[in-house]
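First comes the structure, then the notes that go with it.
Throughout, numbering of the chain's residues begins at 1 and tracks the sequence. Any value given below was found using the heavy atoms of this structure, including those in side chains, with hydrogens, waters and symmetry copies removed.
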Amino acid sequence: MSTEIVDLRGYTNVVDDLGKQVLDGLSRPVGERELPTVLLYDQRGLRLYDEITTKAPEYYLFGAEEAILTSHAGDIVKLMQPDVTAPAGVMLELGAGSLRKTSHILRCLSHLVPTSSNPAPITYYALDLEESELRRTLGEIVVSDFGKDLPGKIEIKGLCGTFSDGIEFARKGGCTNQYRESKFDLDALVDRVSGATRSSSLSSTPSENRSDDEEGSNSTAASSPPSSESLEPPLHIMFLGSSIGNFNREDAAGFIRSLPLRPGSADTLLLGLDHDNEKELIEEAYNDPNGYTQKFIMNGLKVAGRAVGAENLFDESKWDYVNLYNVTERCHEAYFRSKCRQVIVDRSMGNEFVFLENERLKIEQSYKYSDEDAYSLFSDGNVRPIHRWSDKNSRYSLWLLERPAFIFPLLKSPFSCTRKGELVRKTPISSIPFGIPSREDWDNVWALWDTVSLQMIPPSMLSQKPIDLRHICLFYLGHIPTFLDIHLTSLLQEKPTEPEYFQNVFERGIDPHVDDRTVAHSHSEVPQRDEDWPQLSTILQFQSRVRARLLKLYDDLFSGRKPMTRRIGRVLFMTYEHEGMHAETLLYMLLQRAGTGTLPPQGFRIPQWEILAKGWETIPPPYSDRVELGPEEVLLGHDDIENEDFQSDSVDHEFGWDNESPQRKVLVGKFAIEWRPITNGQFYQFYIGEGKGCVDFPASWVMENGETKVRTLYGPVPMKIAEHWPVMTTYNNLSTYATVKGGRIPTEPELRLFYDKFESGYEGGSNYGFRIWHPVPATTGGKKNGGRGGNGGVWEWTSTLLDNFEGFSPSVLYPGYSMDFFDGDHQIVLGGSYATIPRLAGRRTVRNWYQGNYPYAWIGARIAYDI
């Protein structure tokens with residue numbers, strides 16, 4: 001049975017004149033000359049590449065990837081396509097090659113389809129350049145033993161063309177019969193709830209919003225949330241073989257951004273990445289001693305000549321193949337080296353190219369990916385990891401990725417994410433990460449806030465208190481725009497957006513950004529009866545107008561109608577971070593009702609716990625239980641004097657909260673500290689054993705049918721799933737645990753010193769910034785990366801009390817932020833949780849605090865020991 005092959009060559013209306021690319025590459029200055037890599041993959045080149053993969057074990061990439069697929073293809077397809085019948089799925093492989101590795105995916109996918117049907121529920125498209133090779137490899141799949149079982153389960157098709165052709169074909173609906181536009185639009189959701197009409201543009205002004213007297217609907221977003229599973233068939237793209245390494249890092253991220261993956265949908269990307277392995281290993285992989293790679297590379301000279309109409313353009317006897325691995329750039333480079341001075345004559349155009357002896361002509365590059373490189377790629381590519389599989393030697397990884405409803409890009413990234421799940425370039429004011437937030441940063445944090453407040457709280461919970469000592473959920477939806485409006489009003493010396501009623505209701509003297517802070521100010525009491533609260537639609541219309549007011553300020557700053565001052569920058573910093581703080585507060589409240597009320601985050605893949613747990617079991621342990629540090633001087637804080645705001649107009653000032661300033665030095669003595677925080681499993685054994693009666697049952701746990709489970713925003717999970725996660729509980733609990741184990745909770749300077757040396761940060765894959773919506777096992781202690789890793793996604797307690805210190809000055813704009821809690825009851829916590837925005841968790845000077853007996857916040861601890 002013949003397989004349908006669609007010829008896409010020229011589909012993008014871009015003529016890839018290979019001959020012109022060859023001549024352009026030869027025309028470059030000495031030292032910069034190169035040939036296009038695609039020359040290596042003609043029909044003969046593909047056969048020669050197959051020889052490398054079957055006869056050259058030194059080329060570990062192919063074997064490692066095939067080993068991963070052999071062992072884990074079943075789990076991969078279950079995560080890709082949890083339901084193989086509704087809706088149908090489409091798989092598109094970019095650069096399919098021999099399909100040896102792909103056969104594992106197809107086989108396991110066919111096993112998931114319960115019965116044959118017409119049409120088949122899954123369609124697989126193989127994209128490649130050479131039609132004859134594509135037809136041959138697809139034909140071999142069809143007649144293989146498992147291929148005979150594919151009809152009615154998986155339909156096999158081929159696409160002949162370039163990556164660009166295939167991507168555009170998929171985007172225009174060629175694979176799914178639907179033009180692939182974004183299906184996740186939080187703006188539309190807010191409009192539906194509030195009854196307002198709002199522009200999604202960040203340049204919107206109040207005139208683009210509804211008037212103050214318009215009535216809104218009393219419906220709630222949670223009553224009809226947008227489905228993360230569109231009726232359109234999900235598209236699963238596979239890009240294997242570390243082919244992404246042929247792009248430079250910027251182009252690689254751009255390539256992934258270009259993929260037609262809809263934000264907040266069921267679409268996925270399965271991506272192969274080679275690690276930043278040892279230089280010798282990589283160089284031998286690309287230049288095996290038996291010469292298979294050399295033969296493959298040298299074939300490119302013949303193809304280059306053929307591309308310009310002169311197959312013998314290059315005399316192969318005057319060239320050899322050399323390669324090297326650039327350790328600094330983590331990039332392998334392949335070259336032709338001229339053995340002598342020679343002249344290449346292009347008779348078609350009359351060009352002559354003089355090559356010097358030993359001059360190199362680049363033909364291929366292959367970038368390798370450290371963990372930091374990988375997470376940078378994903379961030380700038382607007383995707384997030386669902387799961388990762390590595391080979392037994394940890395040389396290579398397959399990543400399953402999705403384009404979520406929103407992401408927080410790296411702090412150094414030029415991009416931000418909109419409420420439509422799209423990355424846009426920032427129009428920054430500051431050139432530093434912790435300066436003035438850009439207007440696009442605001443859209444990013446609003447995407448977070450709208451997801452939490454409008455999609456995770458069902459109507460029945462809006463007037464409830466998920467935890468004690470807190471307001472009802474509705475309060476937080478009104479408090480955020482009210483806080484912003486108050487500070488804009490003061491800054492701009494204008495009238496407030498709303499009457500004082502909103503300030504009285506939503507700006508009562510609790511700042512719920514962290515814990516049970518109940519310091520009373522002069523504002524009125526919040527309503528005591530449900531009917532006295534504003535309707536949700538009224539709050540959201542108010543929110544819309546306040547947001548527009550903020551964006552109008554940005555318009556005025558960029559147009560020059562209003563000069564930028566450091567005072568304006570401080571207000572923008574403070575209100576931005578305040579919104580991020582409240583999102584985390586609201587989430588740890590909602591965690592207490594997850595599974596019985598709180599809805600999971602829309603637009604993010606629901607975890608498959610059993611599969612994830614199998615991967616966590618393979619995380620290598622630290623090479624020692626603890627590390628010794630000190631004596632050493634540690635810098636705490638930074639210099640950020642708020643009283644100097646009126647004396648400076650610098651836009652590159654690093655802002656912080658009052659307890660972060662001024663910078664000060666602290667001498668830390670010698671001590672030891674554990675690589676990893678205390679886990680759920682460790683604390684559970686302590687709770688039922690030697691600590692019985694000494695510690696309280698953590699609020700992050702729940703008892704169901706006699707079984708202890710760990711709370712997640714997706715509902716409770718068995719302890720065996722979460723046993724390696726850091727436990728989240730009170731300081732009192734963890735301090736007791738540490739004491740019984742012969743240690744103590746580290747001081748703030750001690751933990752800061754440990755973080756400075758071993759915390760990998762958001763760029764290195766640490767679990768904060770909503771990359772993953774639950775804790776994971778800690779990765780701290782890996783030998784290869786110098787011990788850097790992440791703690792699994794929690795803040796960490798210190799034994800240091802929040803207190804006054806020399807040089808402290810309370811905030812002018814928010815005088816009670818820290819000073820009101822110098823009561824001897826609040827412990828400093830450092831770091832950030834999986835629900836902390838990167839700007840907070842990534843700023844090393846941030847100091848949070850909670851009462852030592854506060855049970856709800858996402859805080860763990862590790863043990864320190866005196867030496």
* If only atom types and distance count, is the side chain of Asp24 paired as donor or acceptor with the main-chain N or O of Gln21 below 3.5 Å? -> no

* To do: In plain terms, say whether Lys426 and Asp441 are close enough for a salt bridge, that is, a side-chain N and a carboxylate O under 4.0 Å apart.
  => yes

* Nearest 0.5 Å, what's the NZ-OG distance between Lys148 and Ser110? -> 14.0 Å

* Ile68 and Asp391: which non-hydrogen atoms are nearest, and at how many Å? -> CD1-N, 3.6 Å

* To do: Spell out, as yes or no, whether a donor-acceptor pair under 3.5 Å connects the side chain of Tyr335 to the backbone of Leu324.
  => no

* Indicate whether any N or O donor in one side chain lies under 3.5 Å from an N or O acceptor in the other, for Thr427 and Glu440. => yes

* Asked: Are the side chains of Arg9 and Cys160 in touch, meaning some heavy atoms are under 4.5 Å apart?
  -> yes

* Asked: Can you tell if the side chain of Asn351 reaches within under 4.5 Å of the side chain of Ser27, non-hydrogen atoms only?
  -> no

* Asked: Please walk me through it: do Asn246 and Ser243 pass side chain to side chain donor-acceptor pair (under 3.5 Å)?
  -> CA-CA 6 Å; Asn246 294 141; Ser243 298; 4.9 Å; no

* Within 45° cone of Phe355 ring axis and under 6.0 Å: Arg33 NZ or CZ -> yes

* To do: Among Trp399, Tyr369, Phe408, find the residue that satisfies the ring-ring contact (aromatic ring centres under 6.0 Å, His included) test when tested with Tyr375.
  => Trp399

* Asked: Of Ile141, Ile105, Ile156, which meets side-chain contact (heavy atoms from CB on, under 4.5 Å) against Leu99?
  -> Ile141

* Asked: Between Phe336 and Phe314, does the ring centroid distance fall short of 6.0 Å?
  -> no

* Non-hydrogen atoms of Pro263 and Pro404 that approach each other most closely -> CB-O, 3.5 Å

* **Ion pair check, Glu333 and Arg360, cut-off under 4.0 Å** => no

* Step by step, work out the side chain to side chain contact (heavy atoms under 4.5 Å, CB included) result for Leu273 and Ile244. => CA-CA 7 Å; Leu273 287 182; Ile244 194 72; 3.3 Å; yes

* Return yes if some donor-acceptor pair links the side-chain N/O of Glu359 with the main-chain N/O of Leu356 below 3.5 Å, else return no. => yes

* **Sub-4.5 Å side-chain heavy-atom contact between Met80 and Met91** => yes

* Asked: Which pair of non-hydrogen atoms, one from Val308 and one from Gly19, has the smallest distance, and what is that distance?
  -> CG1-O, 3.6 Å

* Asp274 and Lys368 ion-paired at < 4.0 Å -> yes

* Taking the side chain as C-beta and beyond, is there a heavy-atom pair between Asp380 and Ile256 under 4.5 Å? -> no

* To do: Show the numbers, then the answer: is there a salt bridge (charged side-chain N to carboxylate O under 4.0 Å, His left out) between Glu51 and Arg47?
  => CA-CA 7 Å; Glu51 283 192 355; Arg47 297 290 184 93; over 6 Å; no

* Verify the neighbour count for atom NZ of Lys20: are there more than 12 heavy atoms of other residues, nucleotides or ligands below 6.0 Å? => no

* Take Tyr321 and Gln294 through the side chain to side chain donor-acceptor pair (under 3.5 Å) test and state the conclusion after the steps. => CA-CA 6 Å; Tyr321 165 54; Gln294 182 176 15; over 6 Å; no

* Rounded distance (nearest 0.5 Å) linking atom CD1 of Ile363 with atom CZ of Phe296 -> 8.5 Å

* Spacing of CG belonging to Leu313 relative to NZ belonging to Lys302, to within rounding of 0.5 Å -> 11.5 Å

* Do Leu271 and Ile237 pass the side chain to side chain contact (heavy atoms under 4.5 Å, CB included) test, and can you show the C-alpha distance, the side-chain angles, and the key distance before you say yes or no? -> CA-CA 8 Å; Leu271 182 70; Ile237 298 177; over 6 Å; no

Run the side-chain donor-acceptor check on residues 120-130: report pairs under 3.5 Å with partners two or more places apart or on a different chain.
unit_1: Tyr124; atom_1: OH; unit_2: Glu93; atom_2: OE1; d: 2.5
unit_1: Asp128; atom_1: OD2; unit_2: Ala96; atom_2: N; d: 3.4
unit_1: Asp128; atom_1: OD2; unit_2: Gly97; atom_2: N; d: 2.7

* Kindly state whether the ring of Tyr286 and the ring of Tyr59 have centres lying under 6.0 angstrom apart. => yes

* To do: Please examine the side chains of Glu58 and Tyr292, heavy atoms only from C-beta on, and report whether any two atoms are closer than 4.5 Å.
  => no

* Taking C-beta and beyond as the side chain, do Tyr367 and Leu377 meet within less than 4.5 Å on heavy atoms? -> no

* Run the side chain to side chain donor-acceptor pair (under 3.5 Å) check on Tyr60 and Asn277 step by step: do they pass? -> CA-CA 11 Å; Tyr60 63 87; Asn277 297 302; 3.0 Å; yes

* Closest heavy-atom pair and its distance - Thr3, Arg135 -> O-NH1, 3.7 Å

* Asked: Within a strict 4.5 Å, meaning less than it, do heavy atoms of the Tyr325 and Glu278 side chains meet?
  -> no

* Asked: Counting only N and O atoms by type, is there a donor-acceptor contact under 3.5 Å from the side chain of Arg771 to the main-chain atoms of Tyr762?
  -> yes

* Salt bridge or not for Lys157 and Glu4, using N-O below 4.0 Å? -> yes

* Taking the side chain from Arg403 and the backbone from Ser265, do they hold a donor-acceptor pair closer than 3.5 Å? -> no

* Compare all side-chain heavy atoms of His275 with those of Ser390 and state whether any distance is below 4.5 angstrom. => yes

* Count the heavy atoms belonging to other residues, nucleotides or ligands that lie under 6.0 Å from CZ of Arg347, then report whether that count exceeds 12. => no

* Could you pull out the closest heavy-atom pair between Pro233 and Val90, with the gap in Å? => CB-CG2, 4.4 Å

* Is the backbone of Gly305 close enough, under 3.5 Å, to the side chain of Asn312 for a donor and an acceptor to pair up by distance? -> no

* Test side chain to side chain contact (heavy atoms under 4.5 Å, CB included) on Ser338 and Trp319 and set out the steps. => CA-CA 5 Å; Ser338 178; Trp319 297 88; 3.8 Å; yes

* Structure fact -> Closest non-hydrogen atoms of Ile52 and Thr293, given as atom of the first, atom of the second and distance, are CD1-CA, 3.7 Å

* **Sidechain N-carboxylate O distance under 4.0 Å for Asp42, Arg306** => yes

* To do: With rounding to the nearest 0.5 Å, note down the distance linking NZ in Lys101 to CG in Leu69.
  => 7.5 Å

* Is it true that the side chains of Asp373 and Ser370 contain a donor and an acceptor less than 3.5 Å apart? -> yes

* Steps toward side chain to side chain contact (heavy atoms under 4.5 Å, CB included) verdict (Val38, Val303) -> CA-CA 10 Å; Val38 70; Val303 181; over 6 Å; no

* Glu133 side chain vs Gln43 backbone, donor-acceptor pair below 3.5 Å -> no

* Structure fact -> When rounded to the nearest 0.5 Å, the distance separating CG of Leu400 from CD1 of Ile386 is 4.0 Å

* Asked: Pick one: which of Glu364, His332, Arg337 meets side-chain hydrogen bond (donor to acceptor under 3.5 Å, both in side chains) with Asn323?
  -> His332

* **Selection residues 249-261 - residue pairs positive for side-chain hydrogen bond (donor to acceptor under 3.5 Å, both in side chains), sequence neighbours left out** => Asn248-Asp251

* **Donor-acceptor pair, side chain of Thr418 and main chain of Lys420, under 3.5 angstrom** => yes

